[in-house]
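In what follows, every chain begins at residue 1, and chains take the letters A, B, ... in the order their sequences are listed. Note that the coordinates shown come from a computational prediction; the quantities given were computed from them, not determined experimentally.
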Amino acid sequence: RMFDDARRALVGMMGSGVPVSVASLVSVVPACGVEQEQGFGLALHGLALKAGLDSVVNLGNALVDMYGKFCQVEASMQVFEVMPERNEVSWNSAIGCFLNSGLYGDVLAMFREMSERGVMPGSITLSSLLPALVELGYFDLGREVHGYSIKRAIDSDIFVANSLVDMYAKLGSLEKACTVFEKIEVPNVVSWNAMIANLVQNGAETEAFRLVIKMQKDGEQPNSITLVNVLPACSRMSSLKTGKQIHAWSIRTGLIFDLFISNALIDMYAKCGQLSLAQNIFDLSEKDDVSYNALLLGYSQSPWSFESLNLFKEIRSAGIEYDAISFMGALTACTNLCAFKQGKEIHGVLVRRLQSNHPFLANSLLGLYTKGGMLDTATKIFNRITEKDVASWNTMIMGYGMHGQIDVAFHLFDLMKDDGVDYDHVSYIAVLSACSHGGLVEKGKEYFSQMRAQNLEPQQMHYACMVDLLGRTGQLTESVELIQDMPFHANSDVWGALLGACRIHGNIEVAQYAAEHLFELKPEHSGYYTLLINMYAEAGRWNEANKIRKLMKSRKVQKNPAYSWVQSGNKLQAFLVGNG
DNA sequence: TGTGGTTTCC
């Protein structure tokens with residue numbers, strides 16, 4: 001409203017023939033930037049030129065800044081370059097303009113130029129420079145800037161300190177970030193948020209939540225940015241309860257109307273498997289392309305993958321912006337649904353719409369084609385990827401293993417090592433499952449001990465692979481021993497592998513043992529009950545089969561609906577397969 | 001004239 005008043009006053013002044021003053025322009029131009037009033041801003045610039053006021057430093061600075069906020073880099077530079085006189089503010093405004101438009105290299109170039117010209121960078125310069133260094137990944141320079149700020153005694157400026165915290169956390173180490181953070185006398189909400197965000201991104205979720213509590217004790221209330229930062233921590237810890245608390249909190253405080261918050265909530269609910277809650281938020285909130293992508297990705301990784309394809313169609317027909325991430329969601333959905341024809345079609349659209357060698361999209365395509373057994377196509381795509389990452393290799397190894405071409409899988413694993421790729425625990429899941437497919441117990445054991453020697457501690461999935469491998473080849477006793485020797489409690493993947501092996505070899509006793517654990521770990525998972533019931537039935541042990549059936553009933557376990565999907569008209573529809 | 005924020009694979 002203040003802006004409108006100022007505008008009215010100015011228009012009045014012009015109407016009454018009073019010459020525009022520098023002071024009035026300097027007070028309204030910045031507001032144009034903030035309010036994104038591009039048309040009016042341009043008119044003011046015209047007025048300034050006509051009145052010959054454009055050589056006044058303060059006004060020039062305001063114009064440089066205004067165009068910067070409009071992301072009109074050229075216009076901003078034009079004003080900057082013709083300024084007869086410049087001060088530190090001029091340089092800061094120009095730097096801010098580049099930062100705003102994501103031209104980080106230019107931020108640095110401007111910073112260097114101002115230093116060379118004898119204009120001393122101050123705290124405001126540094127708080128724009130540091131985020132640019134983060135984007136550029138220039139850690140050494142960041143450290144130098146820190147040193148400089150200490151020399152000039154501006155390191156205690158809260159903006160500089162906060163930028164330093166973020167810079168160290170993102171480029172150097174969380175420890176250094178903590179050191180800077182702890183030196184801040186009175187951290188503000190930005191300081192806390194910077195620490196919390198980086199803790200979450202480094203997998204220190206518990207510590208992040210601890211800080212959220214601590215900031216409140218220190219008298220600082222979490223804002224929308226705090227919540228957006230901790231929501232991914234909820235899904236990563238599968239702490240739906242905390243996620244719901246944050247949801248409730250955002251409703252109480254009105255932060256729910258923040259688009260970032262609703263999007264982060266959609267993502268959180270989707271990743272926690274609560275697709276209907278995610279859909280609810282989506283339906284009730286303002287939406288942008290990120291909202292669509294978050295829901296699309298959520299569905300694609302859920303048992304309702306087909307909804308993801310519906311959403312993708314909706315996005316395209318409604319003219320909503322979509323990007324590589326949308327394609328990834330759609331391709332993932334096709335992969336999960338084994339909808340390979342649909343996947344190929346989407347691949348076609350993708351080639352027409354985006355550059356087809358997009359790094360993470362290529363990996364999604366690999367997933368699609370390997371799962372579909374189209375290994376030649378996958379290999380062609382794989383060979384064209386200029387920067388293969390560990391996931392590209394892993395997907396290929398997994399794909400060849402999955403389809404019984406285990407020698408190729410092992411060969412690829414060796415090639416990856418030769419290529420100097422930083423292979424990870426997933427790479428070992430890939431080769432171990434290849435061993436499983438081929439029944440190669442000794443080779444599996446070899447890989448298993450090899451990964452330990454590489455300081456990669458076996459995780460649940462690796463044990464599950466080994467249990468599967470030993471179990472399939474009939475070594476159920478060894479499987480059980482391996483589980484009992486695990487350094488942590490086996491999860492349902494591991495017990496599930498054991499149960500599967502028992503099924504193959506008809507070993508009911510061990511199956512019971514595995515099932516006991518599974519009923520405890522996944523009481524709602526109907527498949528385990530069904531499997532055990534079938535085993536009892538096949539052995540003619542009807543009483544025991546009935547006992548499990550009753551247990552299922554008492555626990556209100558519903559048979560998993562096996563969804564399938566068909567295309568009807570323009571929409572994909574799910575229908576239930578079997579008698580439910 | 002300035003700092004922190006949502007969607008990315010096996």
Trainee: A:F327 and A:H347: aromatic ring centres closer than 6.0 Å?
Mentor: no
Trainee: Please work out which residues in residues 193-200 of chain A have a non-hydrogen atom less than 4.0 Å from an atom of DNA chain B and list them by number.
Mentor: A:N193
Trainee: What I want to check is whether an N or O donor and acceptor connect the side chain of A:N223 with the base of B:dG5 at under 3.5 Å.
Mentor: no
Trainee: Side-chain N or O of A:K388 less than 4.0 angstrom from OP1 or OP2 on B:dC9?
Mentor: no
Trainee: Below 4.5 Å, heavy atoms only, C-beta onward: do A:C334 and A:I346 meet side chain to side chain?
Mentor: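 The answer is yes; the side chains approach within 4.5 Å.
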Trainee: What does A:V64 touch in the nucleic acid at a heavy-atom separation under 4.0 angstrom: a base, only the sugar-phosphate, or nothing?
Mentor: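 Nothing, no heavy atom under 4.0 Å.
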Trainee: Quick check, are the ring centers of A:Y428 and A:F413 under 6.0 angstrom apart?
Mentor: yes
Trainee: Side chain of A:K170: nearest nucleotide among B:dG2, B:dT6, B:dG4?
Mentor: B:dG4
Trainee: Measure from the side chain of A:N394, starting at C-beta and using heavy atoms only, and say which of B:dT3, B:dG2, B:dC10 lies closest.
Mentor: B:dC10
Trainee: Name every residue in residues 280-297 of chain A that has at least one heavy atom under 4.0 Å from any atom of DNA chain B, in order of residue number, or write none if there are no such residues.
Mentor: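 Within residues 280-297 of chain A, the residues near DNA chain B are A:V290, A:N293, A:L297.
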Trainee: So for A:S127 and B:dG2, does any side-chain atom that can act as donor or acceptor lie under 3.5 Å from a complementary atom in the base?
Mentor: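 Present.
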Trainee: Look only at the side chain of A:T242 and the backbone of A:C234, and say whether a donor-acceptor pair between them is shorter than 3.5 Å.
Mentor: no
Trainee: At 4.0 Å (heavy atoms only), tell me whether A:I158 reaches a base, stays on the sugar-phosphate, or touches nothing.
Mentor: base
Trainee: If a pair satisfies side chain to side chain donor-acceptor pair (under 3.5 Å) and one of its residues is in residues 261-270 of chain A, list it, with sequence neighbours excluded.
Mentor: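 Listed by first then second residue: A:H247-A:Y269, A:N263-A:D288, A:N263-A:S291, A:D267-A:K271.
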Trainee: Start with the C-alpha distance between A:F159 and A:I124, add both sets of side-chain angles, then the distance that settles side-chain contact (heavy atoms from CB on, under 4.5 Å), and finish with yes or no.
Mentor: CA-CA 8 Å; A:F159 287 87; A:I124 297 183; over 6 Å; no
Trainee: Determine whether a donor-acceptor pair (N or O, by modelled atom type, separation under 3.5 Å) exists between the side chain of A:N198 and the backbone of A:A194.
Mentor: yes
